[in-house]
Chemist: 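Shown below is the structure under consideration.
Below, all heavy atoms of this structure are taken into account, side chains as well, without hydrogens, waters or symmetry copies. Position 1 is the first residue of the sequence; numbering continues from there.
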Amino acid sequence: MLTFVLFCASAELLARSLFRESPTSTLACLVTGDAATGVRARPDTVCRQKIFESAAVEYRFNPCGFRTPQGCGPAPAGAYRIVLIGSSISFGMHVAREQSFAAKLGPALAARTGRSIDVFNESMQWGTPASLALRTAPMIAAHPDMIVWTLTPFDIVNGRLILPYIGGVQEGVEAPAEKVGGALMPTAEPHTLATVPARAWRRLIADVSDTRTVFMLRHYLYSSQSQYLSHTLAQGPAIDYLRDRPTPALDAGLASFSRSLDLVAARAKKAGVPLIVTLLPSRPQTIMLAEHNWPAGYDPHLLGRLVKRVVVAHGARYVDMTRDVAGQANAGDLFFPVDEHLPPEGHTMLARMLADALVRSNAIPPVGAAK
């Protein structure tokens with residue numbers, strides 16, 4: 001027993017030395033409880049965060065409350081301005097702003113088009129469709145020549161989410177919450193003597209799951225694309241977007257996205273600004289597409305086809321990145337194994353793929369053409 005305890009303690013100390021996190025986070029800069037706006041950043045604030053798998057990152061917000069270096073005025077003379085909207089990946093979660101695909105997209109497009117491209121990033125952490133639909137005015141206030149909405153599967157699955165799940169509070173969830181497996185989960189279980197053993201066991205599992213040792217094991221296990229994909233496909237409804245036919249839950253997410261898109265598309269149309277929508281693939285989706293192989297009952301192309309149908313029905317334009325993802329060998333390695341956001345090299349890949357897709361679809365007017 002002593003040997004086992006010493007082994008576990010040594011493993012935990014090793015894991016803590018390898019995987020560190022900061023005591024601060026982006027929450028110091030964000031307003032997360034205003035249902036009228038969704039999550040937004042406080043203007044002219046700076047905060048820092050490091051998660052287990054990332055470097056320490058600074059988040060600096062401009063006077064309008066966006067993580068972009070430009071001020072709140074129009075683009076420089078002669079520049080073609082793209083207002084980028086989306087959630088945490090477009091926001092540049094866990095990477096320095098200069099390393100994000102939002103920062104790299106402008107130069108990539110400029111090199112391909114010969115135009116001066118100004119990318120004004122209005123993406124936000126937890127910038128889900130329902131949340132973005134509440135903030136259409138700032139999109140137009142930035143004087144865009146084009147709006148590019150970069151969706152992720154998370155945004156579709158959580159299409160109705162306006163306020164994030166922090167500290168046991170989530171939109172539409174009023175039941176008491178307890179920590180299970182590292183996440184706050186709603187529960188309506190009564191507190192009685194008969195439930196004590198089950199609650200104690202769940203608490204023990206939660207505490208063990210929260211150890212740095214378990215995280216270290218998951219990190220190295222999920223570094224294998226095959227192991228990660230096998231685990232992910234066992235997650236049930238959370239991966240409905242990967243199946244080969246729509247499920248009721250996925251249909252509900254798409255319906256919610258459609259309602260939000262209706263508001264965004266109407267605002268863009270009124271302002272005479274073209275709206276482009278694309279889908280940034282998740283890690284399991286990327287692995288399937290890059291390997292050109294997936295199990296029976298799954299189809300990584302399905303979500304893109306369904307999203308395109310919704311986008312076209314609203315008079316917006318869908319740009320497909322599937323071809324670009326399929327051509328990237330080992331693209332699934334360009335994600336944090338556990339967190340599933342992207343490190344800097346993953347953002348470089350996304351910037352290149354999105355620039356190629358936009359140019360291939362003739363979304364950017366050529367030099368000399370009217371904006």
Side-chain angles (χ1 to χ4, degrees), residues 26-45 47 59-75 81-93 97 100 102 105 118-152 154-166 169-172 253 255-280 307 310-311 314-316:
T26 56
L27 294 178
C29 291
L30 303 179
V31 176
T32 60
D34 189 346
T37 64
V39 175
R40 67 179 191 276
R42 296 182 176 89
D44 291 317
T45 56
C47 47
Y59 299 83
R60 184 179 297 272
F61 298 93
N62 76 356
C64 302
F66 297 117
R67 195 187 185 202
T68 196
Q70 300 97 320
C72 299
R81 168 161 283 186
I82 296 174
V83 167
L84 185 70
I85 60 175
S87 53
S88 58
I89 291 181
S90 304
F91 173 75
M93 200 73 208
R97 190 203 63 79
S100 69
L105 180 61
D118 180 75
V119 177
F120 191 91
N121 190 8
E122 293 193 8
S123 304
M124 185 56 60
Q125 191 177 356
W126 292 294
T128 54
S131 178
L132 285 177
L134 298 172
R135 299 192 302 275
T136 58
M139 301 174 197
I140 305 305
H143 306 284
D145 297 302
M146 174 188 291
I147 296 172
V148 174
W149 189 347
T150 50
L151 283 168
T152 68
F154 173 89
D155 300 328
I156 301 299
V157 173
N158 296 277
R160 292 180 58 249
L161 186 70
I162 293 178
L163 299 181
Y165 203 169
I166 300 175
V169 178
Q170 185 183 29
E171 177 195 17
S256 180
F257 164 61
S258 179
R259 291 190 293 271
S260 298
L261 176 60
D262 189 51
L263 297 174
V264 175
R267 189 64 181 258
K269 182 178 180 180
K270 183 178 180 180
V273 178
L275 173 63
I276 303 289
V277 180
T278 191
L279 182 68
L280 306 180
V307 169
V310 174
V311 171
H314 283 81

Chemist: With heavy-atom distances below 4.5 Å as the criterion, would you say the side chains of Met139 and Pro144 are in contact?
Modeler: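 In short, these two side chains do not touch, never coming nearer than 4.5 Å.
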
Chemist: Can you give me the closest heavy-atom contact between Asp155 and Pro129, atom names plus distance?
Modeler: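 Looking at all heavy atoms of both residues, the shortest contact is O-CD, 3.3 Å.
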
Chemist: With rounding to the nearest 0.5 angstrom, report the CD1 to CG distance, Ile85 to Leu275.
Modeler: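 Reported value, rounded in 0.5 Å steps: 6.5 Å.
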
Chemist: For Arg60, which residues count as a salt bridge (charged side-chain N to carboxylate O under 4.0 Å, His left out) partner, sequence neighbours excluded?
Modeler: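 Counting only residues at least two positions away or on another chain, Arg60 forms a salt bridge (charged side-chain N to carboxylate O under 4.0 Å, His left out) with Glu58.
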
Chemist: Measure the shortest side-chain to side-chain distance between Ile140 and Ile147 over non-hydrogen atoms and say whether it is less than 4.5 angstrom.
Modeler: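 Yes - at least one pair of side-chain heavy atoms lies under 4.5 Å apart.
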
Chemist: Treating Arg267 as the side-chain partner and Arg135 as the backbone partner, does any N or O pair qualify as donor plus acceptor under 3.5 Å?
Modeler: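 Answer holds: no.
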
Chemist: Let me see the working for Asn158 and Thr128 under side-chain hydrogen bond (donor to acceptor under 3.5 Å, both in side chains), right down to the final yes or no.
Modeler: CA-CA 7 Å; Asn158 296 277; Thr128 54; over 6 Å; no

Chemist: Would you say the side chain of Thr68 lies within less than 4.5 Å of the side chain of Glu122, judging by non-hydrogen atoms?
Modeler: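 No - every pair of side-chain heavy atoms lies 4.5 Å or more apart.
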
Chemist: Considering non-hydrogen atoms only, spot the tightest contact between Leu30 and Gln125 and give its length.
Modeler: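 Taking every non-hydrogen atom into account, CD1-OE1, 3.3 Å.
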
Chemist: Could you state the interatomic distance from OG1 (Thr150) to CD1 (Ile89), rounded to the nearest 0.5 Å?
Modeler: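 So the OG1 of Thr150 and the CD1 of Ile89 are separated by 8.5 Å.
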
Chemist: How long is the straight-line distance from CG of Leu161 back to OG of Ser131, given to the nearest 0.5 Å?
Modeler: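 That separation rounds to 8.0 Å.
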
Chemist: Answer yes or no: is there a donor N or O on one side and an acceptor on the other, between the side chain of Asn62 and the main chain of Cys72, under 3.5 Å?
Modeler: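 No; zero donor-acceptor contacts below 3.5 Å.
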
Chemist: Looking only at heavy atoms, which two atoms of Gly65 and Ala41 are closest? And how far apart?
Modeler: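 Smallest heavy-atom distance, with atoms named: O-CB, 3.4 Å.
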
Chemist: Compare every heavy atom of Asp118 with every heavy atom of Gln70, then report the nearest pair and how far apart it is.
Modeler: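 Reported closest heavy-atom pair: NE2-OD1, 3.1 Å.
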
Chemist: How far does CG of Leu105 sit from OG of Ser100, to the nearest 0.5 angstrom?
Modeler: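 The OG atom of Ser100 is 9.5 Å from CG of Leu105, to the nearest 0.5 Å.
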
Chemist: Before giving the answer on side chain to side chain contact (heavy atoms under 4.5 Å, CB included), spell out for Thr26 and Met93 the whole-Å C-alpha distance, their side-chain angles and the decisive distance to 0.1 Å.
Modeler: CA-CA 9 Å; Thr26 56; Met93 200 73 208; 3.7 Å; yes

Chemist: Under a 4.5 Å cut-off applied to non-hydrogen side-chain atoms, are Thr37 and Val31 in contact?
Modeler: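 Thr37 vs Val31: side chains apart.
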
Chemist: Check Thr32 against Pro164 and note the closest heavy-atom contact, atom names and distance.
Modeler: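 Result for this residue pair: O-CD, 3.7 Å.
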
Chemist: Looking at Gly73, is its backbone amide N or carbonyl O close enough to the side chain of His143 to form a donor-acceptor pair, meaning the two atoms are under 3.5 Å apart?
Modeler: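 Here the side-chain-to-backbone pair does not exist.
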
Chemist: Under the rule for salt bridge (charged side-chain N to carboxylate O under 4.0 Å, His left out), what residues qualify as partners of Asp34, not counting sequence neighbours?
Modeler: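 Applying salt bridge (charged side-chain N to carboxylate O under 4.0 Å, His left out) to Asp34 gives Arg40.
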
Chemist: Minimum heavy-atom separation for Leu263 and Ala133, please, with both atom names.
Modeler: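 The answer is CD1-CB, 3.8 Å.
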
Chemist: What distance do Ile156 atom CD1 and Leu151 atom CG have between them, rounded to the nearest 0.5 Å?
Modeler: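 If I round to the nearest 0.5 Å, the distance is 5.0 Å.
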
Chemist: Just say parallel, tilted or perpendicular for the rings of Tyr59 and Phe91, cut-offs at 30° and 60°.
Modeler: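 Judged by the thresholds at 30° and 60°, the geometry between Tyr59 and Phe91 is parallel.
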
Chemist: Evaluate the side-chain proximity of Ser88 to Phe154: yes if any heavy-atom separation is below 4.5 Å, no if none is.
Modeler: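 The answer is no, as the side chains (C-beta and beyond) never meet within the 4.5 Å cut-off.
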
Chemist: Would you compute the distance between atom CH2 of Trp149 and atom OG of Ser87 and round it to the nearest 0.5 angstrom?
Modeler: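 The OG atom of Ser87 is 10.0 Å from CH2 of Trp149, to the nearest 0.5 Å.
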
